[in-house]
Chemist: 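Mind having a look at this structure? Questions to follow.
Per chain, numbering begins at 1; letters A, B, ... match sequence-line order. No experiment lies behind these values; they were computed from the predicted model shown.
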Amino acid sequence: MLPVFALADCNNFYVSCERVFNPKLEGKPVIVLSNNDGCVVARSEEAKALGIKMAVPVFEVDSIIKKNKVLVYSSNYALYADMSKRVMNTIKEFVPKIEIYSIDEAFLDLSDFENYNLDKYCREIKKTVEKWTGIPVSIGISSTKALAKIANRLAKKSKKAKGVLDLTAKTYQNRALEAVEVSDVWGVGRSYSEFLTKKGILTARELRDADTNVIRRKMGVEGVRLINELKGVSCYPLEANPPPKTGITVSRSFKTPIKTLKGLSEAVSNFISIGAEKLRKEKGAAGEVSVFIMTNRFRDDYYSKSKSCLLTVPSSDTSELISCALKSLRAIFKKNQLYKRAGIMFGKIVSEKNIQQDFFDKKDRDLSKKLMKTLDKINIKVGTSSVKYAALGVTKKPGWKAARERLSKKYTTDWGELPEVKM
DNA sequence: TCTGGGGTCCTAGGACCC
DNA sequence: TCTGGGGTCCTAGGACCC
């Protein structure tokens with residue numbers, strides 16, 4: 001049985017989510033911004049047509065926005081995460097083996113669907129997702145993940161494909177790969193793209209047919225795998241069960257820079273608290289805690305420093321992790337700097353089941369576990385940060401909190417913000 | 001003036017060992 | 001001018017993804 005993959009990818013996902021609950025946005029240029037309302041992270045087709053590029057800082061496209069009355073939204077992650085879940089659940093009704101690759105993409109394993117008309121089946125999936133969730137998706141089909149990615153790209157672009165393209169047949173692959181620029185191939189970023197262009201490799205087809213040795217020297221084993229994938233030899237299997245996380249990061253940029261150690265301590269404590277919650281959800285414990293702080297990276301006098309500390313016994317206890325992080329923070333804090341961004345990282349994560357105990361450990365681990373369990377329970381039930389450590393601070397609008405000035409409502413996850421329908 | 005956040009994988013090179 | 005060789009482990013940094 002030959003492997004067959006499909007990639008289902010939501011069109012302009014964040015914008016599409018906003019449109020589901022605000023149909024007035026249909027047909028208009030709409031963009032969604034990153035945290036702190038900094039960069040453009042999603043664009044409607046109309047916004048793309050105006051020349052607004054992905055990931056540009058908003059201030060650079062201010063004039064385009066004003067001139068064309070582009071509608072601007074802050075990221076509403078609670079809404080997008082919930083919509084994503086709905087889309088994925090719908091897909092699972094059709095294909096049991098799927099890999100959720102990102103918030104708006106999933107790989108589907110269609111190897112068991114040999115006797116199906118895949119084009120027809122995927123159109124059925126597409127239609128149902130749109131009907132049940134309101135989110136438009138495109139689906140590309142082929143024998144490897146990299147080719148499915150390419151098929152998906154063409155499915156989105158081509159008028160004839162109408163959102164679904166089956167690229168399993170070798171006969172179409174040459175022409176399809178010629179139509180895709182090398183920089184648009186999965187796994188080719190800015191640096192590799194520059195290198196390949198210099199070598200005269202401009203399309204996906206030319207990359208597929210390139211000298212493996214040349215590619216290997218620059219792009220390593222991943223480059224060779226990529227060439228094989230383009231040739232139709234599957235190197236990346238479907239990962240239905242994601243492996244446990246090896247690290248957890250929480251970081252934020254500050255709209256207004258933070259100057260004081262006190263201010264940073266509060267921010268860092270909050271990041272630890274968010275990360276520790278994630279860690280416990282994953283049923284893990286961290287063996288290492290790192291802290292990093294930095295000033296504005298777009299300036300010449302940029303200062304950045306990080307420090308990590310090892311725990312004798314891996315832990316997921318918020319208070320223990322906070323005190324560990326604050327010790328590192330005090331060591332790297334430099335006065336008279338305007339800190340623009342800070343963050344924490346948990347490393348050396350192990351499963352809470354096989355924590356190596358320490359003979360001299362003085363901490364009551366069972367008590368700590370009970371305390372954390374209760375803390376999580378209350379916060380899930382009553383609301384985030386209902387119960388928290390004093391180190392996190394009590395200011396209503398602290399400086400480290402992201403600015404989100406154009407936020408839509410939590411239509412699907414908050415009773416108080418349900419959409420109203422007037423009959 | 002304003003520039004996101006969270007991940008993974010691979011490689012080169014240093015430290016250390018016998 | 002000469003200066004072992006080979007292995008392992010770890011880390012920092014670069015590249016990529018969304």
Chemist: Quick check: F107(A) with W186(A) (ring centres under 6.0 Å apart)?
Modeler: yes
Chemist: Say you pick atom C1' in dC16(B) and the same atom in dG4(C); how far apart are they, in whole Å?
Modeler: 16 Å
Chemist: For E60(A), I'd like to know if atom CD has over 12 heavy atoms of other residues, nucleotides or ligands within 6.0 Å.
Modeler: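 Atom CD in E60(A) is crowded, with more than 12 foreign heavy atoms closer than 6.0 Å.
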Chemist: Would you say the side-chain atoms of D109(A) and S111(A) include a donor-acceptor pair closer than 3.5 Å?
Modeler: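 Judged by distance alone, the side chains do pair up.
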Chemist: Give K145(A) one of three labels, base, sugar-phosphate or nothing, depending on what nucleic acid heavy atoms sit under 4.0 Å from its own.
Modeler: nothing
Chemist: Does atom NZ (K199(A)) have a neighbourhood of more than 12 heavy atoms from anything else shown, all under 6.0 Å?
Modeler: no
Chemist: Flag the pair F5(A) / L110(A) as yes when at least one side-chain heavy-atom distance between them is below 4.5 Å, and no otherwise.
Modeler: no
Chemist: Would the number of heavy atoms belonging to other residues, nucleotides or ligands and lying under 6.0 Å from CE of M345(A) be above 12?
Modeler: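 Open: at most 12 neighbouring heavy atoms sit under 6.0 Å from CE of M345(A).
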Chemist: Under 4.0 Å between any heavy atoms, over every strand shown, what does K340(A) touch: base, sugar-phosphate, or nothing? Just pick one.
Modeler: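 Result for K340(A) = sugar-phosphate.
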Chemist: By the 4.0 Å heavy-atom rule, please label S75(A) as base, sugar-phosphate, or nothing.
Modeler: nothing
Chemist: For I103(A), which contact category applies under a 4.0 Å heavy-atom criterion: base, sugar-phosphate, or nothing?
Modeler: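 No contact.
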Chemist: Indicate, with a heavy-atom threshold strictly under 4.0 Å, whether K218(A) touches base, sugar-phosphate, or nothing.
Modeler: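 Here K218(A) touches no strand at all.
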Chemist: Under 4.0 Å, counting only non-hydrogen atoms across every strand here, what does D104(A) touch: a base, just sugar-phosphate, or nothing?
Modeler: sugar-phosphate
Chemist: Using a 4.0 Å heavy-atom cut-off, does G247(A) contact any base of the nucleic acid, only the sugar-phosphate backbone, or nothing at all?
Modeler: sugar-phosphate
Chemist: Could you check whether E60(A) gets within reach of a base, just the sugar-phosphate, or nothing at all, counting any heavy atom under 4.0 Å?
Modeler: nothing
Chemist: Does the pair K198(A)/E194(A) count as a salt bridge with the N-to-O cut at 4.0 Å?
Modeler: no
Chemist: Measure the shortest side-chain to side-chain distance between D112(A) and V95(A) over non-hydrogen atoms and say whether it is less than 4.5 angstrom.
Modeler: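 No, their side chains stay 4.5 Å or more apart.
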Chemist: Would you mind classifying the nucleic acid contact of R225(A) as base, sugar-phosphate or nothing, using non-hydrogen atoms under 4.0 angstrom?
Modeler: sugar-phosphate
Chemist: With heavy atoms under 4.0 Å as the rule, sort V250(A) into base, sugar-phosphate or nothing.
Modeler: sugar-phosphate
Chemist: Name the residue closer to the 5' end of DNA chain B, choosing between V58(A) and P244(A) according to the nucleotide with the nearest heavy atom.
Modeler: V58(A)
Chemist: Treat a base pair as Watson-Crick or G-U wobble with both distances under 3.5 Å, then lay out DNA chain B in dot-bracket form, 5' to 3', with | for cross-strand pairs.
Modeler: ....||||||||||||||
Chemist: Which is true for V32(A) with a 4.0 Å heavy-atom rule: it touches a base, it touches only sugar-phosphate, or it touches nothing?
Modeler: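 Nothing, no nucleic acid heavy atom in range.
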Chemist: Reading DNA chain B from 5' onward, which residue's closest nucleotide shows up sooner: N36(A) or K245(A)?
Modeler: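 On the 5' side of the pair lies N36(A).
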Chemist: Does the separation of the ring centres of Y73(A) and Y14(A) fall below 6.0 angstrom?
Modeler: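 Centroid separation for Y73(A) and Y14(A): 6.0 Å or greater.
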Chemist: Using a 4.0 Å cut-off to any heavy atom of chain A, which nucleotides of DNA chain B are the first and last in contact, reading 5' to 3'?
Modeler: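 Extent of the interface on DNA chain B: dC2(B) to dT11(B).
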